[in-house]
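Since we're looking at a predicted model, the values are computed, not measured. Any value given below was found using the heavy atoms of this structure, including those in side chains, with hydrogens, waters and symmetry copies removed. Order of the sequence lines fixes the chain letters, A, B, ..., with proteins taken first and strands second; residue numbering starts at 1 for each chain.
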Amino acid sequence: MSQNSSSSLLINRPKISTKISLIFSLADRLLKWYDRQSDTHTKMPWRGEADPYCIWISEVMLQQTQVATVVDYYRRWLEHFPNVQSLAQANLDEVLKVWEGLGYYTRARNLHRAAQVIVSDYNGEFPQQYNTIKTLPGVGEYTASALSSIAFNQAVPVVDGNVLRVYSRLLCLVDDIRNPKTKLLARAGLQKLIPQDRPGDFNQALMDLGRNVCQPRQPQCHVCPVQELCCAYNRNRTGDFPVKSKAKATPTFQIVVGIIYKDGKVLIQRRPPKGLLGGLWEFPGGKIEAGETPENALIREIREETGLEVEIGSQLTQLKHAYTHFKINLTCFVCEYQSGTARPKASTALRWVKPGELTKFAFPKANQKILPLLTPDK
DNA sequence: AATGCGGGGAG
DNA sequence: CTCCCAGCATT
């Protein structure tokens, strides 16, 4: 795993001829390859789209999210919110419902807010300057660069995870790509390589290459259009790049939730607007503390969160779910209402809902796995 | 600079 | 199962 530092330093200096070749032929080869990838373009409904609104939606959905996952969400989003005005006027609940299951729900809230900014501050017209675009909620360096280059043809390089991996292998970069400075380094390097005439296609070609050819594991170098320019390939060391430090291990929490029945309805609560799963609906419950039985934890959590007293019934299901920084083992019980009036204590709202109506609300994935198990008319 | 924030695919 | 993937906002 660890190379000694003197050899690592040496490999960070590609031959001068390699650098010259990069400058003269990287863009040329990439764009010729890009133009031949009709299958790839066909799979992405936003590819070739001229409307900045559509490009914006696609780029935000693609943050940390794979193309195959985004495609259906993108189509459905445009059916609900075909333009910036319709999004600005929409209800946040409706926006979250369309985003439901896609993750990182702040993105949906920021899209909603940004649409309102565009309507109120820019007369509904998408801003065209990089610096202005970047002020929109939810738009950082990557998305501002993507929009500037793809929608407005400005020569601004994008540096997402795919591009960083490609760049690292091309140059045998010793810098840890987890270090934010490495991104700046790549951005500066790519600024010299991006062609003025087709900056958007160049950026998309690099990302396509990273996703489909220069993959994290087992890169497909035999079909790579820039194989001869690649330092890692030429040294037979593609497995050594990019250099990336290990992530910390994530803890696992024991969680218990309850489906509380009363008069044929079940109780759901809405999470606070910010933070984890912000604004989504869920079943009451929480962490099982040390030394606590799941049943006792659930009685305690329901009392703390809603003020209700319940009787724990049968175990409905048990499931595992992974978040970014922790994992949960979730146990779900059916509960019977005993006494008390439900008041939102840990949440912003409580609702008694018929099981058949639950799909109208936006639930996180872990809760969605429970919904099909509920009997429609208990 | 470090941390919080979902979900999905490959092996 | 386990491992790996990846932008923005906040602090």
Does the side chain of A/Val71 come within less than 4.5 Å of A/Met44's, by heavy atoms?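 In short, these two side chains do not touch, never coming nearer than 4.5 Å.
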
Below 4.5 Å, heavy atoms only, C-beta onward: do A/Gln315 and A/Pro294 meet side chain to side chain?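 In short, these two side chains do not touch, never coming nearer than 4.5 Å.
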
Reckon [X] has a side-chain N or O less than 4.0 Å from the OP1 or OP2 of [N]?
X	N	result
A/Tyr104	B/dG4	no
A/Lys274	B/dC5	no
A/Gln368	B/dG7	no
A/Lys246	C/dC4	yes
A/His321	B/dG7	yes
A/Lys365	B/dG8	yes

Determine the contact category for A/Ala68: base if any of its heavy atoms lies under 4.0 Å from a base atom, sugar-phosphate if only primed atoms, P, OP1 or OP2 are that close, otherwise nothing.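 Nothing, no nucleic acid heavy atom in range.
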
Is it true that A/Asp208 and A/Arg47 have a side-chain N and a carboxylate O under 4.0 angstrom from each other?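 Looking at A/Asp208 and A/Arg47, the cut-off is met.
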
Tell me, yes or no, whether the heavy-atom count around A/Asn91 atom CG, taken from other residues, nucleotides or ligands under 6.0 Å, exceeds 12.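 More than 12 within 6.0 Å, yes.
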
Apply ring-ring contact (aromatic ring centres under 6.0 Å, His included) to the pair A/Phe81 and A/Tyr53, showing each step before the final yes or no. CA-CA 10 Å; A/Phe81 316 116; A/Tyr53 171 76; 8.7 Å; no

A/Phe326 and A/Phe253 aromatic ring geometry - parallel, tilted or perpendicular at 30°/60° bounds: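 Tilted.
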
Kindly indicate, with the supporting measurements, whether the criterion ring-ring contact (aromatic ring centres under 6.0 Å, His included) is fulfilled by A/Tyr323 and A/His321. CA-CA 7 Å; A/Tyr323 294 85; A/His321 191 76; 4.9 Å; yes

Can you check the [X] [atom1] to [N] [atom2] distance for me, whole Å?
X	N	atom1	atom2	answer
A/Arg217	C/dT2	CZ	P	15 Å
A/Gln66	B/dG7	CD	P	14 Å
A/Phe326	B/dT3	CZ	C1'	13 Å

A/Gln63 side-chain proximity, nearest of B/dA1, C/dG7, C/dC5: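 Out of B/dA1, C/dG7, C/dC5, the nucleotide with an atom closest to A/Gln63's side chain is C/dG7.
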
Using a cut-off of strictly less than 4.0 Å between a heavy atom of the residue and any atom of DNA chain C, enumerate the qualifying residues of residues 149-167 of chain A by number.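 Nucleic-acid contacts, sorted: A/Asp160, A/Gly161, A/Asn162, A/Arg165.
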
Interface residues of residues 139-147 of chain A with DNA chain C (non-hydrogen, below 4.0 angstrom):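 Under 4.0 Å from DNA chain C: A/Val139, A/Gly140, A/Glu141, A/Tyr142, A/Thr143.
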
Whichever of A/Thr106 and A/Pro242 has its nearest DNA chain C nucleotide further upstream toward 5':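 Final value for this comparison: A/Pro242.
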
Within 45 degrees of the axis of the six-membered ring of A/Tyr73 and under 6.0 Å from its centre: does A/Arg76 put its NZ or CZ there?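 The answer is yes, since A/Arg76 meets both limits relative to A/Tyr73.
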
Quick one: does A/Arg109's side chain have a donor or acceptor within less than 3.5 Å of a partner on A/Gly278's backbone?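 Yes, A/Arg109 side chain to A/Gly278 backbone: donor-acceptor pair under 3.5 Å.
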
